[in-house]
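Below, all heavy atoms of this structure are taken into account, side chains as well, without hydrogens, waters or symmetry copies. Numbering of residues begins at 1 and proceeds along the displayed sequence.
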Amino acid sequence: MMICFWIVAHEPSNDFEKVVMRAAMGLILSLSISLTFTVLRRASRISSILEWVLSTALIAAVIWYLQSFDFDGSAGVTEFAYLAVLVHLAVVCVWIAYTGAGPFWNATTALFYRALYAGIFSNLLQGGLILAIASVRVLFNWNQFDKLEIDIMICVNTFFMTLFFLSEFPSKDRVERQPIVPKLTVSFVQFVLTPVIAVFTMILYAYGVKLLTSQMSGELVSYVVLLTGVSVLASLLTWPLRNESRPLLVLLHKWIYPLLLPLLLLGAWSLAMRYTTEGIDRWGFTLGVLESIGLLTVIISIVKRTSDPRIPALVSLGVFAITSIGPVGVNAVVARYAANHPKDQQKASSDSSRAALFSSELENQPNVASYTSNGQWLISFNCTPDDTLRTTDVRVTSSYDGVIKIVRWGPADTVMFNLRPMLAKLNPVKDSAYAPITTVTSGGHRATLLCTSISTFDRTVTVDSSVKSVGTVMGMVVITDER
């Protein structure tokens with residue numbers, strides 16, 4: 001996935017580079033597709049020739065399909081993320097080719113631990129290299145290659161992490177041996193995860209009762225989905241111990257699914273209210289996907305009276321296969337809702353008009369000012385590159401690459417705007433004003449950036465070359481308090 005960050009850091013400037021970038025992103029999906037067919041061949045489900053034919057055809061189709069993606073907007077990024085999750089789930093579910101839940105558990109837990117170790121060692125390596133470069137910059141006053149740290153981080157997390165993960169892919173002998181849970185995992189799940197799960201389950205039950213006796217909130221579904229994911233993971237990691245009589249393991253394997261079912265049903269109600277009041281956007285649709293996976297997993301496990309580790313994997317694969325592309329895909333559903341409810345899609349433009357009412361009042365404020373009015377949070381700013389503006393409740397930072405980052409402390413929230421796509425599409429002859437940029441904050445609020453002035457200049461990055469950089473930015477951000 002670090003290739004995505006590479007694309008952000010090195011934005012393509014022509015059609016050829018865009019094709020190359022999309023082909024590189026296709027490699028992310030292609031590797032998982034190749035691994036899926038490799039597992040099928042090792043399990044004697046397909047021949048080597050059929051593996052090669054199917055892999056080549058599917059990889060070519062995926063790379064061709066990615067050429068139509070628009071990664072400048074949220075639609076292309078969201079659909080790519082769904083496809084990435086889908087192909088990774090295919091790598092997990094393909095181990096069902098080895099008959100029995102035991103081999104499936106051995107393979108998937110081996111992949112989980114290997115991915116965990118790869119992430120840990122990759123972070124240690126990149127941390128050491130970045131620290132070494134920082135030392136050279138400080139000691140020798142070396143300021144060239146200003147994106148070198150980013151490139152190193154991307155290379156380590158792309159190539160080193162992948163090679164480390166693939167260096168010990170589960171073999172047939174390891175898959176078919178008797179399932180054994182590592183003692184460290186047993187201790188961590190039994191004495192850390194399970195008590196935390198129990199505490200948060202009680203907290204969400206109390207919160208659910210509060211909402212039922214007052215007013216239902218759309219926030220509940222996020223907490224329920226998170227709790228369900230952690231609970232399912234804990235039960236899967238200790239699946240071979242499902243018949244143990246230790247109290248915490250009994251709670252985890254016998255009672256956690258029945259306890260989660262009422263919360264998931266309450267979360268579904270909360271999600272329905274969110275759709276009614278706020279409409280269907282991509283984040284809300286994703287919450288619905290995760291809620292569906294949790295609810296189906298719990299119901300099937302309760303009905304079948306089993307904690308089979310294959311159930312969550314198959315349910316996840318099926319739901320993401322349906323919602324990634326096609327008529328019920330994430331972009332198709334959001335687009336249909338936008339066409340049928342145009343008023344909801346005009347909220348961003350109404351933010352612009354409401355902000356204009358306060359523009360005269362904010363003109364005389366200092367470099368940064370923020371306050372709330374009529375259910376809106378307004379921030380006006382005038383910042384230069386590498387500048388940091390602060391008030392008592394907000395911090396605004398700007399970079400030469402045209403990224404505006406706004407951090408709010410009370411309540412905690414963060415939003416980032418990338419100005420480069422807007423500048424690339426701006427026609428100095430026809431366009432008299434900058435188009436508003438609308439995105440979603442980390443807290444799920446809608447945010448709209450209204451720029452009144454953006455300056456650019458050529459900044460020298462090496463001795464012989466320069467790059468177009470963003471200078472002073474003046475503007476205003478409108479963030480709705482309602483989710």
Does the side chain of Tyr82 pick up a donor-acceptor pair with the side chain of Thr286 at under 3.5 Å? yes

Tell me yes or no: between the side chains of Glu51 and Thr38, is some donor less than 3.5 Å from an acceptor? yes

Are [X] and [Y] close enough that some pair of their side-chain heavy atoms sits under 4.5 Å apart?
{"X": "Leu40", "Y": "Val94", "value": "yes"}
{"X": "Thr78", "Y": "Val334", "value": "no"}
{"X": "Phe320", "Y": "Leu83", "value": "no"}
{"X": "Asp308", "Y": "Ile300", "value": "no"}
{"X": "Val396", "Y": "Lys405", "value": "no"}

Give the intermediate values and the outcome of side chain to side chain contact (heavy atoms under 4.5 Å, CB included) for residues Ser222 and Leu287. CA-CA 7 Å; Ser222 303; Leu287 282 177; 3.8 Å; yes

Exam field: side chain [X] to backbone [Y], donor-acceptor pair closer than 3.5 Å:
{"X": "Tyr205", "Y": "Leu263", "answer": "no"}
{"X": "Arg45", "Y": "Ala97", "answer": "yes"}
{"X": "Tyr275", "Y": "Gly284", "answer": "yes"}
{"X": "Ser235", "Y": "Val232", "answer": "yes"}
{"X": "Trp105", "Y": "Leu236", "answer": "yes"}
{"X": "Thr306", "Y": "Ser301", "answer": "no"}
{"X": "Ser34", "Y": "Ser30", "answer": "no"}

Where is the tightest heavy-atom contact between Leu212 and Leu266, given as atom of each residue plus distance? CD2-CD1, 3.8 Å

So which atom in Leu227 and which in Ser231 form the shortest heavy-atom distance, rounded to 0.1 Å? O-OG, 2.8 Å

Whether over 12 other heavy atoms sit under 6.0 Å from Tyr65 OH: yes

Parallel under 30°, tilted from 30 to 60°, perpendicular over 60°: which one fits the rings of Tyr223 and Tyr207? perpendicular

